[in-house]
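When a ligand or atom number is given, it counts from 1 through the structure's own listing order. Nothing here was measured: the structure is a model prediction, and the numbers come from that model. Positions are given from 1 along the sequence.
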Amino acid sequence: MRHSHQLPLVGVLLFSLIPSQLCTICEVSKENYSRLNPLINTMINSKYAKGVQAANVLLSLRLVGIRNQSIEQQLIQQVHDSEESTDLTSGQLALVILALGACQSSDETFAYPHLVSQLEKKFQAEIKNMEIHHGNPLTNYYQLSLDILALCLFNGKYSINRVTKLFTPENKNFYFGGQFSVDTGAMAVLALTCVKRRIVNGQIKTDEEHFKHIKGHIKSLVKKILSEKKENGLIGNLFSTGEAMQALFVSSNECLNENEWNCQQTLDTVLEEISRGAFHIPIAAAQILPALVGKTYLDVNKNSSCGSGNFNISSQEPIPVVPTSSPSYILVHYSVEINETYSTDVTVPTGSVFLDVMEAAQKMNKTAFCFTVRESSWGSYITSVQGLKANSNDRSYWELLSEGKPLSQGVGSYVVHNGENLEVRWSKY
Ligand code: B12
Ligand SMILES: *[C@@H]1O[C@H](CO)[C@@H](O)[C@H](O)[C@H]1NC(C)=O
Ligand SMILES: *[C@@H]1O[C@H](CO)[C@@H](O)[C@H](O)[C@H]1NC(C)=O
Ligand SMILES: *[C@@H]1O[C@H](CO)[C@@H](O)[C@H](O)[C@H]1NC(C)=O
Ligand SMILES: *[C@@H]1O[C@H](CO)[C@@H](O)[C@H](O)[C@H]1NC(C)=O
Ligand SMILES: *[C@@H]1O[C@H](CO)[C@@H](O)[C@H](O)[C@H]1NC(C)=O
Ligand SMILES: *[C@@H]1O[C@H](CO)[C@@H](O)[C@H](O)[C@H]1NC(C)=O
């Protein structure tokens, strides 16, 4: 798909003479920082954010250099609250560590060594589960990547040998329903790059063989990430693009040229989506922001590379959505698909989300449409329908679809349309 043959000879010559100039991280310029305000407002106003969401927000704000005492205190309290509940998953604990340890001055030692040793244990438990359950971790590879990233950045123990084996790009855990997960691949690239840099700096020792494998894994994951680049510049989808950008920033030893990645185009599309309010969920805002100002999760323990915070923080509340004066109604078709299909038509007010449809259907017929949800960092996650529960050990989950196509938002955010065919399907990922 390359069209370099159209480059005139002069271009080719110039191009090969100045490769290092194409290597700069592309980022939103300071003059345009105000275009990031919707993200910052969403994050700062997420006052009631709990646990993982708070950790993501704190990490992101610190990375870009927004250090407001009162906001930090509030978030740190929430992060501590979630740390006290002992049932944190490995990746949740890893995020807590990243957030609490982010951007501290180098003379401060990390104040939470006990959390790091807890994380070592939780990582072991993930491996153990993989051994018992056909290579399926307790959680997923996005979280195993977060684990390695936090252990690497905060001097935890992990075996290079194990990391090399786990993160072979062909591993099934990089795929959901046969589709490469850009979010997961990007997080793995960040983790592996951290490990690679430690080897290069002589902070950890390993043999040439393992080092070669790690470099190979990074290279091939980056290739997979780039192959998920879309016409409009997004990588994967809107919500994986920020972390994909981070992965591309840290991994490009040899710089990427414009045929491989037009970073400016990616930026433009993301900025456009910001202005449309696409990142209204705090965690979505938190995950996209660092990359837009050229930061990555690898900057976490380098106080000096955390941002300068040249933002104008306004405590302005997000614009409230004014309900339309006369509520009108729409009709949607809803079905639950297991082996059989259970369908119904549901009438809901205009502007309703998927969850409203499910609740209305449940009221009509509990047997066919009862379900349970769990609140998570991204909102309401469907855990069971008709009593049938999702389970990581056999990779089962409830998939959301519209017109037969998987949705890229959850039931709490996806706004439904008149005449739409909605479906929750018992699936394997
Ligand atoms: C792993 C994963 C899954 C796994 C979760 C099970 C497992 N074994 O872990 C599977 C494959 C089942 C899955 C399903 C879905 N996912 Co998913 N998932 C992820 C991923 C890659 C990592 C999540 C994670 O572990 N985070 C780290 C830990 C520390 O945070 P956590 O809050 O404890 O994580 C939990 C929640 O994130 C929850 N979860 C996972 N996906 C989703 C999606 C939604 C909408 C909600 C509310 C919760 C949720 O499961 C995690 C583990 O318990 C993220 C990528 C990302 N950037 O976050 C996408 C991501 C969160 N998922 C996404 C989507 C869209 C979905 C689906 C709606 C897809 C669909 N069409 O059915 C479904 C959820 C349907 C439902 N039942 O409600 C989007 C959300 C975007 C948005 N704006 O809402 C993301 C950002 C991917 C993307 N780039 O599009 N997912
Ligand atoms: C700021 O954004 C505008 C509109 O997208 C763009 O034309 C301009 O070049 C940007 N400014 C800088 C300095 O990058
Ligand atoms: C390092 O962090 C401290 C706060 O912990 C801050 O005051 C200082 O300005 C930071 N240094 C740099 C170079 O960012
Ligand atoms: C912040 O606001 C001040 C005053 O309104 C303005 O002069 C300055 O340029 C703004 N800075 C940024 C980065 O937007
Ligand atoms: C910090 O944030 C709070 C709440 O948003 C705000 O009231 C306060 O003025 C901010 N302080 C500084 C120093 O920016
Ligand atoms: C679906 O049908 C298959 C084949 O009849 C059966 O093995 C499986 O248990 C059924 N699944 C569910 C969730 O009922
Ligand atoms: C509810 O759904 C079940 C399963 O499809 C069906 O057997 C039952 O008749 C329905 N009950 C009502 C009241 O419609």
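Between Phe369 and Tyr334, the two ring planes are tilted [angle within 30° to 60°]. Ring geometry, Phe174 versus Tyr141: the interplanar angle exceeds 60°, so the pair is classed perpendicular (tilted spans 30 to 60°).
With Glu399, Gln287, Lys428 as candidates, the residue nearest to atom 57 (N) of ligand 1 on a non-hydrogen basis is Gln287. Comparing Asn339, Leu388, Ile338 by heavy-atom distance to atom 10 (C) of ligand 6, the nearest is Asn339. Residue Asp183 holds the heavy atom nearest to atom 56 (C) of ligand 1 of all those in Ile382, Val424, Thr383, Asp183. Of the listed residues (Tyr381, Tyr414, Tyr429), the one carrying the non-hydrogen atom nearest atom 39 (N) of ligand 1 is Tyr381. Of the options Asn237, Ile235, Thr184, Ile288, the smallest heavy-atom separation from atom 88 (C) of ligand 1 is shown by Asn237. Closest heavy-atom approach to atom 32 (O) of ligand 1 within the set Ser384, Ser377, Gly412, Ser427: this belongs to Ser377. For atom 70 (C) of ligand 1, the choice among Val411, Ile283, Leu407 with the nearest heavy atom turns out to be Leu407.
In Tyr142, the part holding a heavy atom less than 4.0 Å from any atom of ligand 1 is the side chain. In Ser380, the part holding a heavy atom less than 4.0 Å from any atom of ligand 1 is the backbone. Both the backbone and the side chain of Leu400 come within 4.0 Å of ligand 1, counting heavy atoms alone. Of the heavy atoms in Phe176, only side-chain atoms (C-beta onward) come closer than 4.0 Å to ligand 1. When heavy-atom distances to ligand 1 are checked against a 4.0 Å cut-off, Ser408 comes that close only through its backbone atoms N, CA, C and O. The residue Gln179 has no part lying near ligand 1, judged by heavy-atom distances below 4.0 Å. If you look at Gln92 next to ligand 1, the close heavy atoms, those under 4.0 Å, come from the backbone and the side chain alike.
Distances from ligand 1 to the non-hydrogen atoms of Glu243 include at least one value under 4.0 Å. Assignment of Ser392 to the shell around ligand 1 is supported, since a heavy atom sits closer than 4.0 Å. Residue contacts with ligand 1 leave out Ala284, since none of its heavy atoms falls under 4.0 Å from the ligand. Ligand 1 has Arg374 within reach: a non-hydrogen atom of the residue lies less than 4.0 Å from it.
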Report task. Please test Leu149 against Leu298 for side chain to side chain contact (heavy atoms under 4.5 Å, CB included), starting from the C-alpha separation and ending with a verdict. Result -> CA-CA 8 Å; Leu149 182 61; Leu298 295 191; 3.5 Å; yes

Report task. Could you give me the CA-CA distance, side-chain angles and deciding distance for Tyr33 and Val293, then say whether side chain to side chain contact (heavy atoms under 4.5 Å, CB included) is met? Result -> CA-CA 9 Å; Tyr33 268 15; Val293 300; 3.7 Å; yes

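Taking SG from Cys103 and CG from Asp299, the interatomic distance works out to 7.5 Å, rounded to the nearest 0.5 Å. In this structure, Leu144 CG and Phe123 CZ are separated by 5.0 Å, a value rounded to the nearest 0.5 Å.
Between Lys224 and Glu228 no salt bridge is recorded (no basic side-chain N to carboxylate O distance below 4.0 Å). Under the 4.0 Å criterion applied to side-chain N and carboxylate O atoms, Glu131 and Lys128 are not assigned as salt-bridge partners. Of the charged side-chain nitrogens involved, at least one lies within less than 4.0 Å of a carboxylate oxygen, so that Glu72 and Arg62 count as a salt-bridged pair.
Not a single protein heavy atom sits closer than 4.0 Å to atom 66 (C) of ligand 1. For atom 59 (C) of ligand 1, the protein comes within 4.0 Å by no heavy atom at all. Put simply, atom 19 (C) of ligand 1 has no protein non-hydrogen atoms near it, under 4.0 Å away. Distance remark: protein heavy atom present below 4.0 angstrom from atom 48 (C) of ligand 1. The nearest protein heavy atom to atom 35 (C) of ligand 1 is not closer than 4.0 Å. Of the protein's heavy atoms, at least one falls inside 4.0 Å of atom 27 (C) of ligand 1. Under the 4.0 angstrom criterion, atom 2 (O) of ligand 6 counts as having a protein heavy-atom contact. Inside a 4.0 Å radius of atom 63 (C) of ligand 1 there is not any protein heavy atom. Counting only heavy atoms, the protein gets under 4.0 Å from atom 77 (N) of ligand 1. When distances from atom 7 (O) of ligand 7 to the protein are checked, no heavy atom turns up under 4.0 Å.
If you check which protein heavy atom lies closest to atom 5 (O) of ligand 7, you get Tyr342 CD2, 3.4 Å. Taking atom 13 (C) of ligand 7 as the reference point, the nearest protein heavy-atom neighbour is Asn365 ND2, 4.4 Å. The protein heavy atom nearest to atom 73 (C) of ligand 1 is Tyr397 CE1, 4.2 Å.
Atoms of ligand 1 found under 4.0 Å from any heavy atom of Gly91 (numbered from 1 in listed order, with element): 29 (C). Remark: ligand 1 atoms within the under-4.0 Å shell around heavy atoms of Asn140 are 1 (C), 7 (C), 9 (O), 24 (C), 25 (O). Contact atoms of ligand 1 toward Thr139: 7 (C), 8 (N), 9 (O) (distance under 4.0 Å to a heavy atom of the residue). Residue Gly410 approaches ligand 1 through these ligand atoms, each under 4.0 Å from one of its heavy atoms: 45 (C), 84 (O). Close contacts of ligand 7 with Ala368, meaning ligand atoms under 4.0 Å from a residue heavy atom, involve 2 (O).
Taking both residues in full, the closest heavy atoms of Asp394 and Lys428 are given as O-CD, 3.1 Å, listed atom of the first, atom of the second, then distance. Nearest heavy atom pair, residue Gln264 against residue Cys26, reads N-SG, 4.1 Å. Heavy-atom minimum distance, Pro137 versus Ser392: O-CB, 4.1 Å.
Side-chain polar atoms of Gln143 and Asp147 form no donor-acceptor pair below 3.5 angstrom. Side-chain polar atoms of Thr341 and Ser335 form no donor-acceptor pair below 3.5 angstrom.
Between Tyr429 and Tyr175, a ring centre-to-centre spacing not shorter than 6.0 Å is recorded.
Counting heavy atoms from C-beta on, the side chains of Met245 and Ser240 never come closer than 4.5 Å. His333 is listed as a side-chain neighbour of Ser343, based on a closest heavy-atom distance under 4.5 Å.
At most 12 heavy atoms of other shown residues, nucleotides or ligands fall within 6.0 angstrom of atom NZ in Lys366. Remark: Glu403 CD is packed, more than 12 non-hydrogen atoms of other residues, nucleotides or ligands lying under 6.0 Å away. Other residues, nucleotides and ligands contribute over 12 non-hydrogen atoms within 6.0 Å of the NE2 atom of His114. The local environment of NZ in Lys172 is crowded, with over 12 non-hydrogen atoms from other residues, nucleotides or ligands closer than 6.0 Å.
Residue Trp398 has at least one N or O atom closer than 3.5 Å to an N or O atom of ligand 1. Considering backbone and side-chain N/O atoms, Gln143 comes within less than 3.5 Å of an N/O atom of ligand 1. Considering both main-chain and side-chain atoms, Gln409 never comes within under 3.5 Å of ligand 1 through any nitrogen or oxygen pair.
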